[in-house]
Amino acid sequence: MQIRARQQQILQHLWREGGLSRWELHKKTGLTPNGVGQIVNDLIERQIICEGAPQASKAGRPRIPLEIDPHNRHIVGLSLRRGQVSVCKVNLKGQLIGRLEVKKIESSEHAIPTACQLLKSIIDPNTLFVSANVTGHIDPEKQTILFSSALQGRGGISLAPISEAANHLPILFDNDMHALAARWVLTHQAELSEDLLLVSVNDGAIGSAMLIEGKPNRGCVLSANELGHTRFFTETEQCYCGHKGCLERIVSTNFLHQHNPDNPATLLEQAAVFGNNNPSLELAIKHLTAAIANAVNFVRPHRLVLVSELTRYPTFTDTLLRQVRGLLLMNIVDRVKIDLWDQPAARNAETAGWLGLTRLYCNDWGGIITEPQKPIEV
Ligand SMILES: [Zn+2]
């Protein structure tokens, strides 16, 4: 699923600015008017872009604006996470088409067969390709999941059945945190050359993605940045990674109950009414603060994005950010921008669909592509 650099250049401008004519694209990209014309015709033929209504222009000939085509082709998003598999279609502007289909799975052994079944039922002739996000680590060479909360620590699971279920279509696989970072970058029209640290905090599930000059850092394995498995010398239940003391076990309802059995409220419920007299939640915040602040000091990103439902509770969020800032190095705290993002669909198939959009609008984003049979070009 190679998209040529020049096609991507045109698509990037149309994504970010929309409504540009062939002449304006020529001026912005430096490509020849002829070259722009050919690329545009090809993208129109593939139903990736379309022409808008002609507008009067001073030059005499009407100006025809070009747009990303939201009506014809779509990307199928697939998400595998702990206890559930979801699929959906998103159009080339990232909007959900129809509904998100979610299937709960009782055992991790059902994850791959369920994904295959859902894919077969959703793919149709207008599907451009499939974009899948998985928690944990993926081996890009052997195309296996090495380790994932979706599979409760089972490893060496082949992605081949999913590729086959996609019936000739290429599939992009990447970590769910990279998918979330893609969604943030594309929805916030972010500066693509920035270094960005994105931290997602949910009850018992913490993930992170680090973008260097706008691209996920490569590392030695295809994965996100494992902030959730940052370990502390604190007693917790055993994590699915096999260890105790992982940050994502600390920032969890179970941890709060273990430290204060008298309060049956969940993490979210306790954060909603957070005041000064909740030592177990304060302890969890302290560890979360240390992990985030150490990561920021280490990476020195231009921007920290905190993605969490918890950000809707001002007292909790203010406490967390005040403590994080208190631990940052002086010159870093002055420069790093902090964004809060309450994105309820953070880890499902819709975000996997957004990951797929990076193939059209971002250079060299990463992930792996599996193509079971004849390769097609997008
Ligand atoms: Zn762990």
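Residue numbers run from 1 in the order of the sequence given. Both counts, for ligands and for their atoms, begin at 1 and track the order of listing. Reckoned from all heavy atoms, side chains included, excluding hydrogens, waters and symmetry mates.
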> Please find the N/O/S atom of His229 nearest to the Zn ion (ligand 1) and write down its name.
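Per the distance ranking, His229 contributes ND1 as its closest N/O/S atom to the Zn ion (ligand 1).
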
> Counting heavy atoms not belonging to Arg335, are there more than 12 under 6.0 Å from its CZ?
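Check fails, neighbour count at 12 or below.
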
> Working to 10°, measure the angle at the Zn ion (ligand 1) formed by atom SG of Cys239 and atom SG of Cys241.
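For SG of Cys239 and SG of Cys241, the angle centred on the Zn ion (ligand 1) reads 110°.
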
> Between Tyr361 and Trp15, how do the two ring planes meet: parallel, tilted or perpendicular, split at 30° and 60°?
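Geometry flag for Trp15 against Tyr361: parallel rings.
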
> Tell me whether Cys246 has at least one N, O or S atom under 2.8 Å from the Zn ion (ligand 1).
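Here the distance criterion (N, O or S atom, under 2.8 Å) is met by Cys246, so yes.
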
> Output yes when Asp195 and Arg300 qualify as a salt bridge under the 4.0 Å nitrogen-oxygen rule, no when they do not.
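So Asp195 does not pair with Arg300 through a salt bridge.
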
> Are any of the side-chain nitrogens in Arg231 or Glu226 under 4.0 Å away from the carboxylate oxygens of its partner?
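No, this pair does not count.
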
